[in-house]
Chemist: 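Take a look at the following structure, please.
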Amino acid sequence: MVKYQLENNNPIAVFDSGVGGISVLRELIRIMPNENYIYFGDSRNAPYGIKKKEEVRELTINCAQKLFEQGAKGLVVACNTATSAAVRVLREMYPDIPIVGIEPALKPAVLCMPHPRVLVMATPMTIREEKFKHLMEQYEEQAEIIPLPCPGLMDFIERGDLKGEDLHKYLEDLLYSYSNNQVDAAVLGCTHYPFARLQIQQVLGDKVKIFDGGEGTAREMKRRLAEKDLLSMRQEKGDILFENSLTDDKKIELCKYLLNI
Ligand code: DGL
């Protein structure tokens, strides 16, 4: 167990395997604009979703440790894959620090109409893990839930390829059994996927309701910080520090671009 001094004006750390967690950071900034943030993407080791759980756990713990050493007063694990591999262990290691993970937003999708057909798109690891199995068990009587591993989808976002023909072709192949409104709702269970939301909507059909866990996760972090009296007291807008395990500036530029679209 490791103890750190937590101060109101310290930053909130946001962690992902790459640039995807920016979809969660933008929700955090929307509801807590006066906070400072450190965004860390482990793009050098991405993708996490096709690795072994133990490896993802170790990578996540190492990144979290560095972020706490930089003075983070709380951590958002803005990666569904890293959450299923490591969030429990992290909370045991740092019981005094607010640590919030993200999971596929299955609940609002299941509740969007009586007994909907819900497609859950996520990395192979997220779908395989116990955490997702438990989540599915909670709702399986209220909906037809279809888990769909999407290996390779995050790579388009990680390359900044958000609109290309290749992405469209990939989605058409991946989603061919569900296109043209064959499901009622889709859950984007990986933080990279909201950046391909328009293309996913196009292929699935315009009647399909699409959900992601970014906003719920941001709200949970606000609640946890408030509970510990750790919300920022500042009146002015906070700062964002972008860091990445790849040392060239391209990923940082991509993060800034994604935050502003
Ligand atoms: N962004 C991550 C998630 O939410 C995973 C992407 C990866 O495979 O690294 O699951």
Side-chain angles (χ1 to χ4, degrees), residues 13-28 39-64 67 75-88 90 99-106 109 119-136 147-162 167 170-171 174 186-197 199-200 210-218 220-221 242-246 251 254-255 258-259:
V14 183
F15 165 72
D16 180 41
S17 62
V19 302
I22 298 288
S23 64
V24 183
L25 177 64
R26 69 184 175 194
E27 298 298 332
L28 286 157
Y39 181 86
F40 184 84
D42 190 13
S43 297
R44 185 157 55 97
N45 293 303
Y48 278 13
I50 52 172
K51 286 186 164 44
K52 289 215 174 75
K53 179 178 179 174
E54 293 66 30
E55 192 181 347
V56 171
R57 182 182 288 159
E58 198 182 320
L59 289 166
T60 306
I61 290 172
N62 289 343
C63 294
L67 289 162
L75 172 69
V76 178
V77 183
C79 176
N80 295 262
T81 310
T83 297
S84 38
V87 85
R88 229 186 38 210
L90 280 175
I99 297 175
V100 171
I102 187 166
E103 63 179 22
L106 194 52
L119 183 70
V120 183
M121 300 171 67
T123 67
M125 205 188 105
T126 298
I127 302 264
R128 207 173 55 225
E129 274 310 306
E130 280 303 302
K131 198 169 191 310
F132 181 69
K133 295 212 173 85
H134 288 311
L135 186 67
M136 241 179 95
L148 180 70
C150 309
L153 179 49
M154 74 81 78
D155 300 300
F156 287 93
I157 318 303
E158 204 59 31
R159 286 196 297 271
D161 181 358
L162 310 182
L167 172 59
Y170 168 93
L171 289 171
L174 179 78
V187 176
L188 308 183
C190 165
T191 54
H192 283 72
Y193 303 169
F195 295 109
R197 188 187 180 114
Q199 289 76 359
I200 293 171
I210 299 191
F211 297 86
D212 75 73
E215 188 185 341
T217 303
E220 176 64 5
M221 191 48 161
F242 292 96
E243 295 180 349
N244 197 287
S245 53
L246 281 179
K251 288 287 172 192
L254 179 58
C255 285
L258 293 174
L259 189 61

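In this chain, numbering begins with 1 at the start of the sequence shown. Both counts, for ligands and for their atoms, begin at 1 and track the order of listing. Reckoned from all heavy atoms, side chains included, excluding hydrogens, waters and symmetry mates.
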Chemist: Looking at Lys53 and Ser84, what are the two nearest heavy atoms and their distance?
Modeler: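 Shortest heavy-atom separation between Lys53 and Ser84 comes out as CE-O, 4.2 Å.
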
Chemist: Name the residue from Leu162, Asp161, Ile200, Val19 that meets the side-chain contact (heavy atoms from CB on, under 4.5 Å) definition with Phe195.
Modeler: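 Exactly one option meets the side-chain contact (heavy atoms from CB on, under 4.5 Å) with Phe195, and it is Leu162.
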
Chemist: Heavy-atom contacts with ligand 1 below 4.0 Å: which residues, ordered by chain and residue number?
Modeler: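 Shell around ligand 1 (4.0 Å, heavy atoms): Asp16, Ser17, Pro47, Tyr48, Gly49, Cys79, Asn80, Thr81, Thr123, Met154, Cys190, Thr191, His192.
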
Chemist: My understanding is that only residues two or more places apart in sequence, or in another chain, count here; which of them pass side chain to side chain contact (heavy atoms under 4.5 Å, CB included) with Lys51?
Modeler: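 In terms of side chain to side chain contact (heavy atoms under 4.5 Å, CB included), with neighbours along the sequence ignored, Lys51 is linked to Glu55, Val56, Leu59.
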
Chemist: Mind checking ring pair (Phe, Tyr, Trp, His ring centres under 6.0 Å) for Phe156 and listing every partner two or more places apart, or none if nothing turns up?
Modeler: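 Testing Phe156 for ring pair (Phe, Tyr, Trp, His ring centres under 6.0 Å), a comparison that skips the adjacent residues, returns Tyr170.
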
Chemist: Checking Phe242 against Leu25 for the side chain to side chain contact (heavy atoms under 4.5 Å, CB included) test, could you report, in this order, the C-alpha distance in whole Å, the side-chain angles of both residues, the deciding distance, and whether it holds?
Modeler: CA-CA 11 Å; Phe242 292 96; Leu25 177 64; 4.2 Å; yes

Chemist: Kindly state each residue pair satisfying side chain to side chain donor-acceptor pair (under 3.5 Å) with at least one member in residues 17-27, sequence neighbours excluded.
Modeler: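 Every side chain to side chain donor-acceptor pair (under 3.5 Å) pair that includes a residue of residues 17-27, provided the two are not neighbours, is Glu27-Arg30.
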
